[in-house]
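Lettering of chains follows the sequences in order, A, B, ..., and the numbering in each one begins at 1. Basis for what follows: all heavy atoms, side chains included, without hydrogens, waters or symmetry-related copies.
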Number of protein chains: 2
Amino acid sequence: MGEAAAIRGEATRRRLLEAAVPLIGEAGWHAVTTRMVAQRAGVAPGVVHYHFASVTDLLIAASVGFTRGMLDRFARELAERPGLDAGLGRLLAEVSRHDGADPASLLVAETYLAASRIPRLRDELAELVADFRRGLAGWLAENGAADPEAAATVLGAAVDGLILHRGLDPRLDLAALARPLRSMLRKE
Amino acid sequence: MGEAAAIRGEATRRRLLEAAVPLIGEAGWHAVTTRMVAQRAGVAPGVVHYHFASVTDLLIAASVGFTRGMLDRFARELAERPGLDAGLGRLLAEVSRHDGADPASLLVAETYLAASRIPRLRDELAELVADFRRGLAGWLAENGAADPEAAATVLGAAVDGLILHRGLDPRLDLAALARPLRSMLRKE
DNA sequence: GAGCGTCTTGGACAGTTGCCCAAGACGTTA
DNA sequence: TAACGTCTTGGGCAACTGTCCAAGACGCTC
C-alpha cells in the first residue's frame, strides 16, 4: 500500500522541519513563510500544507523539537560532570557557544515570544523548561550546592539572559562570571 | 506660519509612538502593521508615513524610547537605595512586576530580537544596556559587593532571563532568589 | 477676503501572504 | 496490465501588506 511513498513522505516532513529551524532564527517567527520553507527544503510550495495543517503548526513542531533536543543534550552532558566547577565551566562554555545572533539563540528567543501568544506552544515549552530546571536543581543538590532550587532558577534564567545580552555586546567577558556564580553556589 | 498645526502634528506623532508600544508586545514586531497602529492611535492610515519614513522607523523610535524610559527610571530608583539587600529587593520587585506576558516584558524581548536584524537598532539598544550595566556595577561597588562588574553582568542577564521564564511559569518563587543572589554579592 | 504652510484624509497600487485544489507521478497490490 | 494509496506539483484565490499621493481641512498672515 505505497510503503515507499510513506517513507519518502516522512523524509520530506523532516526536511521541512529542518529547514524551518534556521529560518525562524534568521527571519523571525512571523516572517517565516510557506514558500520560504518550501524553497529551502527543496520542495514545491504546496507541500507544507500537505504535511502540516498550518504554518504555525509547522513552526511549533520545529521549534519545540529543536529546543527539546538542545536541552536534553545539555542535561546529559551536565550529568556526566562530577563537580560544581566543571559543571559551571560547561554551562559558560554553552553560553559562549551562542553569541546571541546565531540561529539557535534566536530560535529559542523567538520561541519564548511566540509561546506568549500561542497557548499550546506555551504549555509544551513550559514543560520542557521545568524538566530542565528540575534536572539542574538535582545536579546542584548532588554536588552540594547551597539552595539548589533557587540557584537552579537563577542559573537557568541567567543563561537565557546572557545569551540575549551577548547579542548586543559580543565582547561580554563570560570567563569572569564563573567567580560570582561559584560564590552563589557555595554553602556558608 | 501654522504653529498650531505643528504642535498638533507633534501630538499625533507622539500618539503613534504610544500606540505602537503595546502593539509590539501584543502582536509581535513583524506583525505590527501601519493600519493597526493608525487605528489604535485614532488617525487615518496614511498618517504613519507622513510622520515616519517607514513602519520600521516607527517601531525603532517607539521601542527605544520606551526601553530608555524604563531603564532610566529603574536606575534612578536603585541609586536611592542605600544597601545591597534593599537594592536586591527592589530588583526582584521589578521582576515580579512583569509576568513575562505583559506588554513591557514582551516589548523588551521583541526589541532584543529585532535588534539582531536591524543594525541601527542594535547600536542604540546596546548603548542603553551598557549604560545600565555600568550604573548597576557602580551601585554594586559603592555598596561593597564583590566583583561588581561580573556581578552586574549576571544580575542584568538574570533579570531579563527571569522575566522570560516567568512568562512560561508565573508561579516561579522570586522571593526565594534573594538568598542565592545575596550570596553571590558577598565578599569572601 | 486670498494665499500659505502644515497636517490629515481615504483610496490606489503592486507585491506578498496563507491556504486550497485539480492534476500528475510513482511504487505497490491484485 | 489496471487500480490504488501516498505524495508532489504548480498555479489560483481572496485577503492583507507597505508605501504613495491627490485632494482637502485647519489655523495663520497679509
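Atom CD of A:Glu94 is surrounded by more than 12 heavy atoms from other residues, nucleotides or ligands within 6.0 Å.
The phosphate of C:dC7 has neither OP1 nor OP2 within less than 4.0 Å of any side-chain N or O from B:Thr12.
Regarding A:Asp57, its CG atom lies at a distance of 12 Å from the P atom of C:dC20, rounded to whole Å. Separating the CD atom of B:Gln39 from the P atom of D:dT17 is a distance of 11 Å, rounded to the nearest angstrom. Taking atom NE2 of B:His51 as the reference point, atom P of D:dC20 lies 16 Å away to the nearest angstrom. In this structure, the CG atom of B:Leu16 is 14 Å from the C1' atom of C:dT9, given to the nearest Å. Here the P atom of nucleotide D:dC20 and the CZ atom of B:Phe52 are 15 Å apart, to the nearest Å.
For the pair A:Tyr50 and A:Gly46, both in contact range of DNA chain D, the more 5′-proximal nearest nucleotide belongs to A:Tyr50.
Applying the salt bridge (charged side-chain N to carboxylate O under 4.0 Å, His left out) rule to A:Asp72 yields no partners; only residues at least two apart in sequence or on another chain are considered.
The existence of a salt bridge linking B:Glu149 and B:Arg134 is excluded, since no basic side-chain nitrogen approaches an acidic carboxylate oxygen closer than 4.0 Å. Ion pair A:Arg166/A:Asp99 not flagged as a salt bridge, since none of the NZ, NE, NH1 or NH2 atoms sits closer than 4.0 Å to an Asp/Glu carboxylate oxygen. Checked for salt-bridge contact, A:Glu127 and A:Arg120 miss the test: no charged N lies under 4.0 Å from a carboxylate O.
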Got a list of protein N/O to nucleotides 14-18 of chain C N/O distances below 3.5 Å?
unit_1	atom_1	unit_2	atom_2	d
C:dG18	OP1	A:Val32	O	3.3
C:dG18	OP2	A:Thr34	N	3.0
C:dG18	OP2	A:Thr34	OG1	3.0
C:dG18	N7	A:Arg35	NH1	2.9
C:dG18	O6	A:Arg35	NH2	2.8

Any chance you could lay out the salt bridge (Lys or Arg N to Asp or Glu O under 4.0 Å) test for B:Glu77 and B:Arg73, step after step, and finish with the verdict? CA-CA 6 Å; B:Glu77 289 186 19; B:Arg73 184 177 51 78; 3.5 Å; yes
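Applying a 4.0 Å cut-off to non-hydrogen atoms, none of the residues of residues 112-122 of chain A approaches DNA chain C.
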